[in-house]
Amino acid sequence: MLDQRLLRDDPERISRQLARRGLKLDLTSLQHSALQERDLEERRSNLQAEGNRIGKEVGQRIKAGASPQGPEVRSLREQGNQIKLQVAGLEEEEKALQSQLRDQLLALPNLPSELSPDGKSEADNVEVKRWGEPRRPYPGEQLQEHWQIAERLALVDSERSVRIAQSRFVTLRGMGARLERALIALMLDLHAKRGYTELLPPILVNSASLTGSGQLPKFAEESFRCADDDLWLTPTAEVPITSFHRDEVIAADQLPLRYAAYTPCFRREAGSYGRDTRGLIRLHQFNKVELYWFCLPEDSDAAHEQLTLDAEAVLETLDLPYRRMELCSADLGFSAARTYDLEVWLAGAGTYREISSCSTCRDFQARRANIRLKADKGTRLVHTLNGSGLAVGRTMAALLENGQQADGSVLLPKALVPYLGTDRIEGP
RNA sequence: GGAGAGGUGGCUGAGUGGUUGAAAGCGGCUCCCUGCUAAGGAGUUACAGGAGGUAACUUCUGUCGAGGGUUCGAAUCCCUCCCUCUCCGCCA
């Protein structure tokens, strides 16, 4: 959520920044509402002060011996009643305005960082780094895509999964299931070594949690909801982790707080019909290890670099070639001020494919979720950052495509041997 | 799911209609005193929003789980909801 003070004082700046996302907004009426709300608050609180004075005076007069039914007390009471009525009227107006203002503010995305490059679309994202040597086919070699390899080696069963749930769900089996589990363990172990505290949070989350991290109210259709409860299947661990500290004041010397959490993630993928229908790339349910920082505002730019390096460490540990893309202003997610996407090389598809998205949200989520820090003087909003470290299914896809061998087996990186007891997947 | 108890400041915990944003203790911070493994003394210490001021700060309002109600006045009375604890039931 954006700062209401900024809205009152400098709506032009907000418009200018949101224009970089491709949003053309006239904020004058919103600013007007915000100013009007402040005006109502001032009038209301002045009236309340008057009412408080009267209330105190009544108490003092009665204490001093005045009759509670006497004329002087009665006249004060009547004044008090008058004020009460006026206050009630103003309060009603104020609340209506407030909730309308809040609804509108909650629907506005974060301002892009001044560090994010300008752009009009995905095409304007900037490659900032490349690591590893992409696996290319040898002359005459026909590389398979991961879903072909997975089917051939019986690592997944898509058809039966439709029977269990519907399309875009998979059942991993045999080495497929073991590999997924091994990858989760490897990622969590790696992050623990790098100083992250592991969390295993609830994966059903309430509306306040989704609002806090920015999925609600705008993206309700993207999440699965439990009809009888105020609970949703979490679309990412970012949601429960943000709310882990919702409404808290964190001592400055506790920061940064760094968490790594594995959760299944659930997304309706509305509007993506026909895209990535095969394999492990786009599923309604997928596993992800998420990295998350709560930090001091002045540290968040450096934290963003570090968090991204921590995600890249997984790819490097697994010998997976990747590149780092800096998203342009138009391609930023709703809550993000600045984002690096990590794209892994998929040898079978012959492309780089997003496997992690590392963002700083600055105070955007902290303001929604009311997460502050206490320094020497007063409180401030913390900054929050999140990044996948990594999407597990896509990691498996990359390992299958990049590790495929001429004999049909898949060679796995050495780092997985302690978890799997082998560096090779052969047929069933 | 049933019965009972309860939700007060960083923590413990008083407070059943009138200057109570809240006693006391612990903890934190500042200063003073003192040398011997610590103690003593003084002061200070909630959050949010608004107004004024370059600022230190001053001032107003709200907040004692949340929301409503009664009243001139509510932490205190009434209603609804949420949550926690204990016992019972059920259960991986």
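Letters A, B, ... are given to chains in the order of the sequence lines, protein chains preceding strands, and every chain is numbered from 1.
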Nucleotide opposite A55(B) in a Watson-Crick or G-U pair, distances under 3.5 Å
none

With respect to the phosphate group of G62(B), does any side-chain polar atom (N or O) of S45(A) fall under 4.0 Å of OP1 or OP2?
no

Phosphate OP1/OP2 of C60(B) contacted by N46(A) side-chain N/O (<4.0 Å)
no

Between the side chains of R61(A) and E57(A), is the shortest nitrogen-to-carboxylate-oxygen separation below 4.0 Å, so that they form an ion pair?
yes

Non-hydrogen side-chain atoms of L291(A) and N386(A) separated by less than 4.5 Å:
no

Can you see whether S213(A) engages Q365(A) through a side-chain donor-acceptor pair at a distance of less than 3.5 angstrom?
no

Can you tell me if the side-chain N/O atoms of N52(A) get under 4.0 Å from OP1 or OP2 in U61(B)?
yes

Does any donor atom in the side chain of K288(A) or T263(A) lie under 3.5 Å from an acceptor atom in the other side chain?
no

Could you work out the separation of G43(B) and A38(B) based on their P atoms and round it to a whole Å?
26 Å

When rounded to whole Å, the CD to C1' distance for the pair E248(A) and G65(B) reads 16 Å

Can you tell me if the side-chain N/O atoms of K374(A) get under 4.0 Å from OP1 or OP2 in C47(B)?
yes

Mind checking the P distance from G21(B) to A46(B)? Whole angstroms is fine.
15 Å

Whole-Å C1' distance, A74(B) and C88(B)
37 Å

Who does U30(B) pair with, Watson-Crick or G-U, both distances under 3.5 Å?
A42(B)

With the side chain of I54(A) defined as its heavy atoms from C-beta on, choose the nearest nucleotide among G49(B), C72(B), A51(B).
C72(B)

Side-chain N or O of R372(A) versus OP1/OP2 of A48(B): is the shortest distance under 4.0 Å?
yes

Counterpart base for C87(B), defined by Watson-Crick or G-U wobble contacts under 3.5 Å:
G2(B)

Can you identify which nucleotide, out of U61(B), U71(B), U19(B), has its nearest atom closest to the Q48(A) side chain?
U61(B)

Please state how far atom CG in D230(A) lies from atom C1' in C81(B), giving the value in whole angstrom units.
13 Å

Run the side-chain donor-acceptor check on residues 172-180 of chain A: report pairs under 3.5 Å with partners two or more places apart or on a different chain.
| from | atom 1 | to | atom 2 | distance (Å) |
| --- | --- | --- | --- | --- |
| R173(A) | NH1 | A154(A) | O | 3.0 |
| R178(A) | NH2 | L420(A) | O | 3.1 |
| E180(A) | OE2 | N287(A) | ND2 | 2.7 |

Assigned partner base of C47(B), Watson-Crick or wobble definition, under 3.5 Å
G62(B)

Is a side-chain donor-acceptor pair under 3.5 Å present for S359(A) with T339(A)?
yes

If we count only N and O atoms by modelled type, under 3.5 Å, do the side chains of S329(A) and R21(A) hold a donor and an acceptor together?
no

Provide, to the nearest angstrom, the distance between the CZ atom belonging to R61(A) and the P atom belonging to U19(B).
18 Å

Between G73(B) and U20(B) - C1' atom distance, rounded Å:
13 Å

Both distances below 3.5 Å, Watson-Crick or wobble geometry, any strand: find the nucleotide opposite G9(B).
none

Rounded to whole Å, NZ of K84(A) lies from C1' of G62(B) at a distance of 17 Å

Counting heavy atoms from C-beta on, name the nucleotide in G50(B), G62(B), A48(B) closest to the side chain of R5(A).
G50(B)

Between the protein and nucleotides 67-69 of chain B, which nitrogen or oxygen pairs are less than 3.5 angstrom apart?
| from | atom 1 | to | atom 2 | distance (Å) |
| --- | --- | --- | --- | --- |
| G68(B) | OP1 | K95(A) | NZ | 2.6 |

Rounded to whole Å, how long is the line connecting atom CD of Q79(A) with atom P of G73(B)?
13 Å

Among the nucleotides G73(B), A48(B), U61(B), whichever has the atom closest to the side chain of T379(A) is A48(B)

Could you measure between the two C1' atoms, the one in G40(B) and the one in G50(B), and give it in whole Å?
44 Å

Using Watson-Crick geometry (N1-N3 plus N6-O4 or O6-N4) or G-U wobble (N1-O2, O6-N3), each under 3.5 Å, A22(B) is paired with none

Taking only side-chain N and O atoms of R38(A), does any of them lie within less than 4.0 angstrom of OP1 or OP2 on A51(B)?
yes

Polar contact flag, side-chain donor to acceptor under 3.5 angstrom, N370(A)-D247(A)
yes

Hey, do the aromatic rings of Y259(A) and H191(A) have their centres closer than 6.0 Å?
no

Under 4.0 Å between a side-chain N or O of K56(A) and OP1 or OP2 of G73(B)?
no

Please tell me which of I62(A) and R53(A) maps to the more 5' nucleotide of RNA chain B, matching each residue to the nucleotide holding its nearest heavy atom.
I62(A)

Write down the distance separating the C1' atoms in U80(B) and C91(B), rounded off to the nearest Å.
31 Å

Spacing of the C1' atoms in C47(B) and G9(B) (rounded, Å):
10 Å

What nucleic acid atoms does Q60(A) come within less than 4.0 Å of, heavy atoms only: base, sugar-phosphate, or nothing?
base

From G50(B), A48(B), U19(B), pick the nucleotide closest to the side chain of E41(A)?
G50(B)

Would you please indicate yes or no on a ring centroid separation below 6.0 angstrom for F364(A) and H383(A)?
no

Out of G50(B), A48(B), C60(B), minimum distance to the side chain of E42(A) belongs to G50(B)

Starting from C1' on C72(B), measure out to CZ on R74(A) and report it in whole angstrom.
13 Å

From CG of L47(A) over to C1' of A51(B), roughly how many Å is that when rounded to an integer?
15 Å

Rounded to whole angstrom, note down the C1' distance from G7(B) over to U63(B).
16 Å

Whole-Å gap separating C1' (G50(B)) and CG (L90(A))
14 Å

